[in-house]
Amino acid sequence: MVDQLSNRLKTMRSEAGLTQADLAEQVGVSRKTINTVENGIFVPSTLLALKLARALGAPVEAIFFLDDAL
């Protein structure tokens with residue numbers, strides 16, 4: 001079984017009415033970092049995951065999850 005980290009970041013960000021640039025500014029990273037996390041290219045550090053969760057008012061587990069269906 002291979003686990004892969006998946007996320008709902010784009011959906012949750014959009015539902016919060018935030019652009020990638022807005023969210024990036026709130027958590028102190030570049031817009032490109034937000035884009036690469038949303039697209040599964042970059043796995044965020046624990047610190048960044050916690051900052052994203054705080055900015056979106058959600059638990060980390062609501063944003064990031066293991067996808068073991070691959």
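Residue numbers run from 1 in the order of the sequence given.
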Any luck finding a side-chain donor-acceptor pair between Thr11 and Ser14 under 3.5 Å? no
Path from Leu50 to Leu52 over hydrophobic side-chain contacts below 4.5 Å: yes
Which heavy-atom pair separates Lys51 from Val27 by the least distance, and what is that distance? O-CG1, 3.5 Å
Identify whether Val29 and Leu5 are in the same connected component of the hydrophobic contact network (ILVMFWY, side-chain heavy atoms under 4.5 Å). yes
Under 3.5 Å, side chain of Asn35 to main-chain N/O of Lys32, donor-acceptor pair present? no
Would you name the heavy atoms of Ala53 and Pro59 that are closest together and state the gap between them? CB-C, 4.1 Å
On a heavy-atom basis, which atom in Val60 and which in Ala49 lie closest, and how many Å separate them? CG2-O, 3.9 Å
Is there a side-chain contact between Gln26 and Leu18, using heavy atoms and a 4.5 Å cut-off? yes
Please name the pair of heavy atoms, one in Ala62 and one in Met12, separated by the smallest distance, quoted to 0.1 Å. O-SD, 3.5 Å
How far apart are the closest heavy atoms of Gly17 and Asp22, and which atoms are they? O-OD2, 4.3 Å
Reported CD-to-OG1 distance for the pair Gln20 and Thr33, which is rounded to 0.5 angstrom: 10.5 Å
Does atom CD (Glu25) have a neighbourhood of more than 12 heavy atoms from anything else shown, all under 6.0 Å? no
Using only heavy-atom distances, determine whether the side chains of Thr36 and Asn39 contain a donor-acceptor pair under 3.5 Å. no
Test your reading of the model: is there a side-chain donor-acceptor pair from Asn7 to the backbone of Val37, 3.5 Å cut-off? yes
Take Glu38 and Arg13, measure what salt bridge (Lys or Arg N to Asp or Glu O under 4.0 Å) needs, and give me the verdict at the end. CA-CA 10 Å; Glu38 286 184 355; Arg13 174 185 57 74; 2.4 Å; yes
hydrophobic_cluster_shared for Leu48 and Phe65, side chain cutoff 4.5 Å: no
Say whether Leu66 and Leu9 are linked into one hydrophobic cluster, either directly or through other cluster members, by side-chain heavy-atom distances under 4.5 angstrom. no
Axial cation check for Phe64 ring with Arg8, 6.0 Å and 45° limits: no
